[in-house]
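Written below as structure tokens is the structure these notes are about.
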Amino acid sequence: MAALLRGLRAGRLLRGLPSVVAAPASTNQQCSSLRRSFHCAALRLQDESKSDKSSASSSSSSSSSTTHHEHYQAHSSHQDTEAASQQDPDPNSSDREQDEEYETEEQLQAQILAAALEFVPLYGWSMEAIAAGAESLGLSSASTGMFPNGSGDLVLHFISQCNSKLTEILAEQHNQVQLGQAERKKTADFLRDAVETRLRMYIPYIETWPQAMSILLLPHNIPDSLKHLSTMVDDIWYYAGDRSTDMNWYTKRAVLTGLYNTTELVMLQDSSPDFKDTWAFLDNRIQDVVNMATTAKQMQSTGEAVAQGLMGAAVTLKNLTGLNQKR
Amino acid sequence: MWLNCRLLSLPKIAGYPWKVAGSLQTSSRAYSVIPPPRDREEEEMMHRMLRVDHAGEYGANRIYAGQMAVLGRSRTGPLIQQMWDQEKKHLAKFNEILAENRVRPTALLPLWNLAGFALGASTALLGKEGAMACTVAVEESISEHYNSQIRALMESDPERYTELLQMIKEFRDDEMDHHDTGLEHDAESLPGYWLLKNAIQLGCKAAIYVSQRV
């Protein structure tokens, strides 16, 4: 009987889904009210599942669901003060709860995706992982409706999380150097460490990473993945001390992008212990770049010397032929 | 009471402490020229503005370099050198700002390098009047561009952009000086002056348009 009721409510929810998903072109107000109703429904379903669970299951699972619930309530009450300062013309009585959900919508999405990451080794980068993640938070698996670009959202969320972690680490190292507590690394070493740190974040998901890379290459994901890649490369160079404002800005970032992408591909096929072949490959490529830069500098100074030599020869010739005299 | 007397006597000690205090008062903000952006939109707008200004100063530098390459050893050499030095100062300031605010420089810099040098050298080959006419045209375009930026910043929030406005006004005044110098040194006596001037200004407008976007 309870299962039948649950099924009916799920059906009602699913019927509401197309209207939620198919409303991208509507006005903000309409969209927000639809989202609010969706969240309200999700919350109601969550509450029902909680009450079902607590009545039917053992004490341990009910305590875990209540801790989930408490965590959620604490989170919503924390957002309460922020939501209270927002102006909302909707006079609905259960609106306060809906407002809190609306304020934390992006955080809700982030929470679901973060929880979904645990299930990636099992289900791959897919909707199933997101559904499992939502369920582990006590939400209904229909919350996957919030992610029309499901697997893409999951991979992009993971990548931006990795980038934030990398930026934190680099900023921390930068502070240490500023405070004099650490030595300034040479550029080649700095780049090597930064790329290694960043790629090590993929190690827990390395089995499924080829799938993630192919998802990132889908046409609708390419702009976002390129944006994440370019901000990451810009951050690394900024903390490496690059302050150039000419074509070097572009060449340096292009070189680092090539370095990062090739090393990532090598890592996918590496089966050595702790990926030491990958790091050796990275070392060799950085050495290549350093050699190229040195060679370029040498060529430039040679060119300048040759130009000066030619100028000297021309002046000598002009002197010899008497063309240099003022008549 | 005693403290008040001490404070009143401070200005007599030396001009130095009060000058420092005064300058600290006006620049008590944490940033130097560009305020930290409030949101993505403002950041985009600010970066675009800085990018095109940097490209403009870079181009002007190369134009003067081209002019010096041809007329460097003539009578107008020192004059052009003086104007070039001021442009170098402007470029250095913009380089500093771009590095500080992590602004991407325009990808067309190599193009402006070649085009600027070619424009400077070719107009200098027309003689001193040609070089001056080129200076007048370019400086007029740049001044107009700075003026429209000043207007935009004043319209949006003069209080917030005080330092930036001050800097752009100073640069604009320098460019107007160069423009007037060019006129003083017989720019208008070049045959085909109006044609050359308008052609160069059209090119400058196109360069500004493109540098804002690429």
Query raised in the report: Taking only residues two or more places apart in sequence, or in another chain, which ones meet Met154(B) in a side-chain contact (heavy atoms from CB on, under 4.5 Å)?
Result: Ile150(B), Pro158(B), Leu165(B)
Can you pull out all donor-acceptor pairs below 3.5 Å that join chain A and chain B?
| residue | atom | partner | partner atom | Å |
| --- | --- | --- | --- | --- |
| Asp234(A) | OD2 | Arg102(B) | NH2 | 3.4 |
| Asp235(A) | OD1 | Arg102(B) | NH2 | 2.6 |
| Thr245(A) | OG1 | Asn95(B) | OD1 | 2.6 |
| Tyr250(A) | OH | Arg104(B) | NH1 | 2.7 |
| Tyr250(A) | OH | Pro105(B) | O | 2.5 |
| Tyr250(A) | OH | Ala107(B) | N | 3.2 |

Query raised in the report: Taking the side chain from Asn221(A) and the backbone from Gly152(A), do they hold a donor-acceptor pair closer than 3.5 Å?
Result: no
Requested in this report: Could you walk me through whether Ile168(B) and Leu153(B) pass the side-chain contact (heavy atoms from CB on, under 4.5 Å) test, one step at a time?
Outcome: CA-CA 10 Å; Ile168(B) 297 187; Leu153(B) 288 174; 4.1 Å; yes
Query raised in the report: Going by an N to O cut-off under 4.0 Å, is there a salt bridge joining Arg285(A) and Asp288(A)?
Result: yes
Query raised in the report: Is there any ring-ring contact (aromatic ring centres under 6.0 Å, His included) pair reaching into residues 288-310 of chain A, and which pairs are they, with sequence neighbours excluded?
Result: none
Query raised in the report: Which salt bridge (charged side-chain N to carboxylate O under 4.0 Å, His left out) pairs, counting each pair once, include a residue from residues 147-172 of chain A, with sequence neighbours left out?
Result: none
